[in-house]
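On a predicted model such as this, the values are computed, not experimentally measured, just so you know. Proteins get letters first, then strands, A, B, ... in listed order; numbering begins at 1 in each. Heavy atoms only: backbone and side chains are in, while hydrogens, waters and symmetry mates are out.
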Amino acid sequence: MNHYDFKAIEQKWQQYWEEKRTFSTTVDPQKPKYYILDMFPYPSGEGLHVGHPLGYIASDIVARYKRSKGYSVLHPMGFDAFGLPAEQFAIQTGQHPAITTAKNIQRYKQQLQQLGLSYDWDRRISTTDPNYYKWTQWIFLQLFESWYDTNLQKARPIKALITIFEQHGNQQVQASCDKDVPLFTAQAWQQMDESTRQQRLLGYRLAFLEDTTVNWCPELGTVLANEEVKDGLSERGGYPVIRKQMKQWSLRITAYANRLLDGLDRIKWPLSTKEMQRNWIGKSVGAEVVFKTTTKDQAYTISIFTTRPDTIFGVTYLVLSPEHALAKTIGTNAQQTSIEAYITQAANRSDRDRLADVTHVTGAFTGAYAIHPFTKKPLPIWIADYVLGGYGTGAVMGVPAHDSRDYAFAKHFNLPIVSVIAGTNTTQGAYEEKEGVLINSDFLDGLPVQEAIQQIIQKLEELEIGKQKTSYRLRNAIFSRQRYWGEPFPIYYKNGIPYPLPVEELPLELPAMATYKPTSTGEPPLGNAPNWETKAGYPLELSTMPGWAGSSWYFFRYMDPHNHSNFVGKTAQSYWKAVDLYLGGAEHATGHLLYARFWTKFLYDLGYVRVEEPFEELIHQGMIQNKSSFVYRIKGTNQFVSHNLRHAYDTISMHVDIHLVKNDVLDLERFKNWRPDLHDASFILENGQYICDSEIEKMSKSKYNTINPDTVVAQYGADTLRLYTMFLGPLEQAKPWDMHGIEGVFRFLVKVWRLFYSETGPKALTNETPSKEALKVIHKAIKKVEEDIKRYTFNTAVSNLMICVNELTALKCSNQTILKNLVLILAPFAPHLAEELWQLLGYTHGVIAEPFPQYEEAYVQEEVYEYPIAINGKVRAKITFDAHTPQLEIEKRVLAHEALQKWIQGQSIKKIIIVPNKMVNIVV
RNA sequence: GCCAAGGUGGUGGAAUAGGUAGACACGCAAGACUUAAAAUCUUGUGGACGAUUUUGUCCGUGCGGGUUCGAGUCCCGCCCUUGGUACCA
């Protein structure tokens, strides 16, 4: 083998690694541990494109480097395999999603393996494996059997709560619970029947049933997330979506809001992601204030939440959200018709309408009045949909002078505007700054805002009409999906009350089905399953868990994937603890990454894991972009017009497969054969050609601009693909893929090969003491490459490897010691080639087992340094000095230097700055 | 609107604590090898002017200011691009 035969080399070593179980990981207390994890993929039917492995390659380099530094490295891979595409495919074809999924996993695994990624495949998991989802169900049961004690700030077993109820009732219980739990005494608890008790407990459980308004899509038979709804239609399929009340499983993530927020300060994550989670949690500190109404027959109280209790003297009205419990009852008879009309209208307004209509102010007057707690003046009570039912108390005090939404509302309905901050002009809009001195505010007059807030809260608490309160934007997470292809809930119903299945009966496996569609009555698909009930004949829950259930704890399972008695064993958990470095897309910032933190904290509270944060350090890889091509179709026809002629026609653009386009010229024949509907396509050409438009976009199947790694590997090999993917640019940045550039990286690997092989065969390597120059070159590279790996700048690491090889080639280096080191620093990047050359060097153990070379400062020391000499910051000459030349000597010789005379002449020298081994600057 | 990241040659990008801007690679140009092409190798390659033998001069990191002996890097004010978010009281 005299030429670089990457195909043979890569096959050989991949086989070797698999046979030798090279990457199999064990708990080794003698070694420090390092857990490096990639976000596991959903195995879609399309397979991988070159954008997917970006993060996998980066983490693989780190994993291999860490191994060479003596760590026991846990580097696993698995599959997040529940999900809609497989289910949709099942609905269309009748094929069980498990079959589709298994096939896709097989393909993904094969694609990943051919990249030479050093995963411990024996630890592979799939969320769809009953042995795995048994434990997802088990964790759900733990949530069901727990409540959150806000005094202790931790989750506790529901049994402890029952004991408290038996002894003291629930009046003293500080818990994160439903808003409207009724209060009861110990005696009342004793007298309750079983189903009432269960109802009460449900209000405290961390997994509980909740009435929710959801985006229901009858056609798909499922509930959609807000982002899955566009223009009142489902994003997939474009079916109508309506708002519907439903009982759904929810997880009480809000209990953890504060800990989720505080934990962010302790982890090494991208600032933007932390900031996104902070905003998502949305903590605001303010006050709750109680207003009494003046209605004669019945006195109501309305609690409002505000972050500006200092502005209480600026209140001119109150607003209830249309969903507020009192909205329908508080109004006067005269107003009742218009109130109900308004509530109905608001309820039917889709989120999209509300969004589109930010400027459009609506509301209804109730006819009722509240009393201002200090001035005793009557305040009109309104209902308006700019107040949200789900936030704070669902009611606000209107302070138009100091809140822009209140301002718009007051202007629209002609309500008074009273400024309570000195010197503010509210003729044009609200003054919202939390700065200034209070006026028109009785006992608050003259106080600065911050002090006034403290004062008023104190006063409210004194009078028992309010208290300090913290609100969070974070909502409890809906945990039910009306689908088949997810984890079944280990829950059955008795008299409509949910009960947990006994742990021994887990996993509750998905039943075989004839159809995967919703039932004719709109129940989830499991409604079609025969005998979907317990042994005693009680019906089982019909919903399944959402996609994020399995991904919220999988990082623990990798530590101990074959444990049958625990989701993770104690020994494994105490050794591996948490993920040291986690790589994955930024799109999971507020979904997966938040839920995983939530579950980890919960499992920590119950003592099952020893860490409170699952991911110590996080990196998001940037997306890979590619040029995508467009054609212009003349509307309503099958005729396409070339790019520069399109303005003469009414056209719509359409993505076209980039493989049908070369240098923006479309291959007409292949285009016609691309899809059946294009067979009879006709074209309006320019200069005899069809020119496509193009744009750099995210690489994605839907844009027809994907590059399949298989074809790249076939053409250049996995090592080239790995190297080039890293060479493209900084890991975290979005960057375009360009097939032209890959040649340079391939040439680099050939150059490496040429250091070891001539045209005729392996070169004779020498065992002499290496030359000074060669030592300098290799040690410079060892240093830079190691530094680059440590700061995850793999693009410059590759550059530095290239520089090293260029220089060694120029030196015609054939020294055994030097080349050995070169192979070792190349190994994390191009592992197949490294193994091959390592073997050639005469070693019989794999390159993996060899430590990373030690950098020696002494070899890199320069003896002379060429100083750039600048006059007033502009470089005018270069003079070489011995590295240890004293500053005075440098100064003397610089001033005497001939080429500088024309710049210095006639000028007075103010100052000479000499930065040792950097530069000299003369100020004239 | 708000939050975050970014803006450097024809292109991807480099410059790690404020110290020679453009490393490395692509592309392009010229040359060598070849009947020829491909591949490979050598040289050059920010722009303008000057020189064309070696010098050299000016401009240049989105725009406008500032700090500094010295700014791609720090500060102030803008513009643009990408991502996130959206009535959260």
Roughly how many Å is it from NZ in A:K918 to C1' in B:G19, rounded to a whole number?
7 Å
Might you work through the side chain to side chain donor-acceptor pair (under 3.5 Å) test for A:T796 and A:S799, ending with a clear yes or no?
CA-CA 5 Å; A:T796 52; A:S799 295; over 6 Å; no
Gap between atoms CD1 and C1', on A:I624 and B:G83 respectively (whole Å):
16 Å
Rounded to the Å, how far apart are A:R473 CZ and B:A89 P?
9 Å
Please pick, from B:U57, B:G12, B:C26, the nucleotide with the shortest atom-to-atom distance to any side-chain atom of A:F727.
B:G12
If the C1' atom of B:U57 is compared with that of B:G62, how far apart are they to the nearest Å?
27 Å
In whole Å, measure the gap between the C1' atoms of B:G72 and B:A21 for me.
7 Å
Judged by each residue's nearest nucleotide on RNA chain B, which is more toward the 5′ side, A:G729 or A:G282?
A:G729
Whole angstrom value for the distance that separates P of B:A89 from CD1 of A:I312:
17 Å
From CD of A:E275 across to P of B:G84 the rounded distance in Å is 16 Å
From C-beta outward on A:N279, which listed nucleotide comes closest to its side chain: B:U16, B:C3, B:U85?
B:C3
Check this for me, if you would: do A:E275 and A:R278 make a salt bridge, where the nitrogen-to-carboxylate-oxygen distance has to be below 4.0 angstrom?
yes
RNA chain B nearest-nucleotide lookup for A:P736 and A:P868: closer to the 5′ end is A:P736
I need the CG-P distance between A:L594 and B:G84, as an integer number of Å.
17 Å
Base, sugar-phosphate, or nothing for A:P730, non-hydrogen atoms under 4.0 angstrom?
sugar-phosphate
Using whole Å, report how far CG of A:L271 lies from P of B:G6.
10 Å
